[in-house]
Every structure is written in C-alpha cells, then in structure tokens.
Number of protein chains: 2
Amino acid sequence: MQKTIQQRTLKTRAKLLQAAADVVQKNGYQALRVEEVVQAAGVAKGTFFAHFHDKDALMEILIGEKLDACLDQAQAAEPPKTVPKIIEALAPVHEFMMSERYVFDLLIRYSGAAAISEIGPIAYCFEKYFRIVMMWLDQAEVRQDVPTDLLAEGVQAFAIQAMSLKFCALHSATTFTDRLETYLRAWLSPAA
Amino acid sequence: MQKTIQQRTLKTRAKLLQAAADVVQKNGYQALRVEEVVQAAGVAKGTFFAHFHDKDALMEILIGEKLDACLDQAQAAEPPKTVPKIIEALAPVHEFMMSERYVFDLLIRYSGAAAISEIGPIAYCFEKYFRIVMMWLDQAEVRQDVPTDLLAEGVQAFAIQAMSLKFCALHSATTFTDRLETYLRAWLSPAA
DNA sequence: ATTTAATATTGACCGTGGTCAATTTTTGAT
DNA sequence: ATCAAAAATTGACCACGGTCAATATTAAAT
C-alpha cells in the first residue's frame, strides 16, 4: 500500500484554506458557506470534501488555529499568580471563544477527541489550555490540598460555565469576568 | 388583537408530538427526521413548521419533558447529604443527559435562555437542576465559606465537565461517576 | 343560514451540506 | 516516449431542514 501525495494536493488544500480564511474575515464563521469557499478557491464542490471530511472539519482547523494563537499569546506573558491576573492572562483566549455563539458551540462540540488516534485541533487546544493553567497554578498562591491538575480542570470547567452564562439572557446582569472571578476565588483560594 | 386558537390546532400539535415521540422511541433522537414525523402524523411538512419554529424547537420539548421527569425522580428521593449520595441521586438525570451525544450537545446549546421573555424547556430544566442541588446543599455537610447558590452552580459546571469528558476518548480511563466524585469532593468538602 | 375575517394546512420549491461514478491528471515502470 | 495504475478533480445529484403563496377550514357576527 503506497500513498503518494501529489504537489497539487497541497496547493489545492492551501487554496481552500486561504479562501475559507478570507470568507471568514468578511462575514464571520457562522455565515461561511462551502459553496462560497469553493468558488473563491476556484475548485469544484467535490474537491472540498476530498480535502475535508465535512464543513465542521474545516471549521475545526480555522478556529483551532486562531485559538492556538490566542493560547500562545496567553503563554507568552509573565505567569500570573493571582486570580485576577489569571483571568486577565486568559482574556484573549476567552474573548475569542465567546466571539461568536457559533464558535463557542463548535468548540464545546469538539473539545474532546472522538478517537484516541485522531486528536483534532480543538481538542489539542483544550489540552494546551489545561497545561498552561496547570503550570501557572503550580507557582501561584492557591490551595494545596488538591492536586494542581484537578485545579486546572476546574478552572476550565468554570470558564466554560461562565461563558455559557454569557450567552444566556437570564444571567446577563453579571459580566463574564466578574462571574469567573467569583468562581475562581471560591475554587482556588487557600483554605482559610 | 385577539387570538383564537382552534380546536384542531391542539389536535394537530398533539398528533405531531405523539408521532415524534414514537419516532424517537424507535431510533433515538439523533435519527429523527422531520419528514418521518409528519408522515407518521399524517400532515404536511409545512404544518410542522407552523407548530414548531424549527426541528430544534421540537427536540427541546421532547428532551425537556424527559429531563424534567428525571429531575422529578431525583427530587422525590430523600435529600442526599454526602457527595456520593448527591451523585447517586442525580444519576438518572446525568444518565439521560449522556444517553446520546446528540442529546448532550442540544442540552448545552439550549441550557441558557436566549431571551428573557422566552425561557425554553431546557433552560427551565437547568434552573430546576440548580434549585434542587441548592436545596440539598443547604442541608448537607459542605463548606460554608461560600454561598450555597455558588456551590450549586459549581456542581452544575463540574457535572457538565465530567459529561463532556465522558464523550472524550482521551479521558475514558476514568468513569463518569468517579470523575464527578473527585470534582465534587474537592469543590464541596468543608475546609480542613 | 350566510358571510366574512381570522386561522390552519398544504405541497411545490429553495438553500445548503454532502455523495459518488465518471473523468482528468500525475506518477513510476518499461 | 508510452502505458498502466494510482490519485485528484469534477459536477450532476441526493437528503433534509426550512419557506411561502395559495387553499381550506373554523369561528364569530349578522
């Protein structure tokens, strides 16, 4: 079983990705139409699905790339040691995650790898988020009666909860940041 | 502005809901096709959309009803006072929420009311979940340094996190119950 | 009983994601 | 250079959710 990847394959894929990025740039993720992408890329519709399993797979790549960049940005800063600083450091990440309802839903849907053999770009980002927070917590003034990895998982859970509520009219009295701060203070503060 | 609802409206709606429930019974939620429902109900496709804004709206009703019943079941039992008992009491609820990937995704998507004026069945259930847990926690041996409503929100957040990971091949080593127990012990235990 | 206005139903039609047999292009062997 | 097998591309076609102008039915007024 041999598998030669032709040059044009890479070219076509690049064209599709570029075209898709352009389309997103114009109207956001939610409004992206496969038809529009293939037209902009100058290929047939079937070609799209020869390169990406479905529309979601393309979205995973586009959104994953962006999210990965946000995570890099967060990681580049000085490791935060307090709850407000942690929230501040994660701000670009959370901001992007909440930028569109569509984006948030897709992120949640693909946050876990469906199969071990194939970790998608978004599941990878969630792992990265986890690792970054864990590293921070290792050197922050937080409760020590619980393992750091568990604390980091909790931060992720609370961040998602706070983001969920952000899209919820019922709880719009409190801002995302304030809510997350309340959560994390209760979760991370050292036992009195 | 008067609005007379005709008798047949109620009848047609009931027929559609019954037909939909039957279809779900046979093949689950994920596989439900609007076409199949209207055929089983003996009405035209347009009629369906005169009664429900879209397919999701029907799903919200069907899934919301079922979830509400599960919550009633949980509430009927003796108020649990320990973490394992709480998890046990919530078991039927979580079981249903995880019964299908499709169900879980839809629940998350509609967990927050999009508009204050119109709280959907699922958002209502999430509120109910929150209220039940809060009542339990008021009389349980849990940490007292944090308001009960915040504790209850946390339980919800951790439950969702644990369910998410249940669908994730990467974290399938631990069972849902074990994971949730770990989370809740760390979150609810009184400060040492 | 008729009329009329409000309400409900219909089904042909559309938009969009996704499929696949047929065709074209590339690669490697001779 | 020629040819055969593998790989990539094409676009007509399908599935399914959703729309809407036309039609049918109901309820209330006379």
Side-chain angles (χ1 to χ4, degrees), chain A residues 1-20 23-24 26-63 100-103 105-106 109-110 114 120, chain B residues 1-20 23-24 26-63 100-103 105-106 109-110 114 120:
Chain A
M1 159 157 121
Q2 63 174 351
K3 242 193 198 171
T4 322
I5 12 160
Q6 305 183 357
Q7 285 304 318
R8 64 172 168 169
T9 307
L10 300 172
K11 245 192 193 157
T12 304
R13 189 189 155 92
K15 268 197 298 184
L16 281 166
L17 284 171
Q18 185 56 56
V23 168
V24 167
K26 230 193 312 167
N27 300 318
Y29 293 93
Q30 158 85 50
L32 181 142
R33 299 283 165 264
V34 172
E35 191 64 51
E36 203 181 348
V37 173
V38 297
Q39 267 178 17
V43 301
K45 203 189 223 172
T47 302
F48 180 97
F49 292 98
H51 285 263
F52 310 100
H53 175 259
D54 54 17
K55 184 180 157 179
D56 276 1
L58 168 71
M59 284 304 189
E60 255 209 285
I61 294 170
L62 294 177
I63 293 176
E100 276 184 51
R101 179 71 209 245
Y102 176 85
V103 170
D105 286 342
L106 194 129
R109 201 142 31 92
Y110 288 94
Chain B
M1 159 159 124
Q2 65 173 352
K3 242 194 196 170
T4 320
I5 15 161
Q6 305 184 357
Q7 285 305 318
R8 65 173 167 169
T9 306
L10 300 173
K11 245 192 192 159
T12 304
R13 189 189 154 92
K15 268 197 298 184
L16 281 166
L17 283 172
Q18 185 57 55
V23 169
V24 167
K26 232 194 309 167
N27 301 316
Y29 293 94
Q30 157 87 50
L32 181 142
R33 298 284 166 264
V34 172
E35 191 65 52
E36 203 181 347
V37 173
V38 297
Q39 267 177 18
V43 300
K45 204 187 219 172
T47 303
F48 180 96
F49 292 98
H51 285 263
F52 309 101
H53 175 258
D54 55 16
K55 185 179 156 178
D56 276 0
L58 168 70
M59 285 303 189
E60 256 211 285
I61 293 171
L62 294 177
I63 292 176
E100 275 183 52
R101 180 71 210 243
Y102 176 85
V103 169
D105 285 342
L106 194 129
R109 202 142 30 89
Y110 287 94

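The figures that follow rest on heavy atoms only: side chains count, while hydrogens, waters and symmetry mates do not. Throughout, a chain's letter reflects where its sequence line sits, starting with A, and its residues are numbered from 1.
When the salt bridge (charged side-chain N to carboxylate O under 4.0 Å, His left out) test is applied to A:E100, no partner is found at least two apart in sequence or on another chain. With sequence neighbours excluded, no residue forms a side-chain hydrogen bond (donor to acceptor under 3.5 Å, both in side chains) with A:R33. Not counting sequence neighbours, B:E36 has no partner by the side-chain hydrogen bond (donor to acceptor under 3.5 Å, both in side chains) test. Considering only residues two or more places apart in sequence or on other chains, A:Q6 meets the side-chain hydrogen bond (donor to acceptor under 3.5 Å, both in side chains) condition with A:R8. Remark: A:Q18 pairs with A:D22 by the side-chain hydrogen bond (donor to acceptor under 3.5 Å, both in side chains) rule, at least two apart or across chains. Every side chain to side chain contact (heavy atoms under 4.5 Å, CB included) that A:A19 has, sequence neighbours left out, goes to A:V37, A:A40, A:A41. For the side chain to side chain contact (heavy atoms under 4.5 Å, CB included) test, residues two or more places apart in sequence or in another chain that qualify with B:F52 are B:R13, B:L16, B:L17, B:F48, B:A57, B:L58, B:I61.
At its two ends the helix from C:dA1-D:dT30 to C:dT30-D:dA1 runs along axes set 10° apart, each axis drawn from five pairs and the angle rounded to 10°.
Residues of residues 53-61 of chain A having a heavy atom closer than 4.0 Å to DNA chain C, listed by number: A:D54, A:K55.
In this structure, the CD atom of B:Q39 is 11 Å from the P atom of D:dC16, given to the nearest Å. To the nearest angstrom, P of C:dG18 lies 16 Å from CD of A:E36. One atom, CD of B:Q6, and another, C1' of D:dA24, lie 11 Å apart when rounded to the nearest Å. Spacing between atom CZ of B:F49 and atom P of C:dG15 amounts to 16 Å, rounded to whole angstrom units. As a whole-Å value, the separation of A:F52 CZ from C:dT16 C1' is 18 Å. When the P atom of D:dC14 is taken as reference, atom CD of A:E35 falls 17 Å away, rounded to whole Å.
Within the structure, side chain to side chain donor-acceptor pair (under 3.5 Å) pairs that include any residue of residues 47-56 of chain A comprise A:D56-A:R109, A:D56-A:Y110 (at least two apart or interchain).
When all heavy atoms of B:A20 and B:L62 are compared, the closest pair comes out as CB-CD1, 3.9 Å.
Two residues, B:R33 and B:Q7, neighbour DNA chain D, and the one matched to the more 5' nucleotide by heavy-atom proximity is B:R33.
B:L32 comes within 4.0 angstrom of sugar-phosphate atoms only, judged by non-hydrogen atoms across all strands, and of no base.
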Using a cut-off of under 3.5 Å, enumerate the N/O to N/O pairs linking the protein to nucleotides 9-11 of chain C.
residue: C:dT9; atom: OP1; partner: B:T12; partner atom: OG1; Å: 2.4
residue: C:dT9; atom: OP2; partner: B:H51; partner atom: NE2; Å: 2.8
residue: C:dT10; atom: OP2; partner: B:A44; partner atom: N; Å: 2.9
residue: C:dT10; atom: OP2; partner: B:T47; partner atom: OG1; Å: 2.7
residue: C:dG11; atom: O6; partner: B:G46; partner atom: N; Å: 3.4

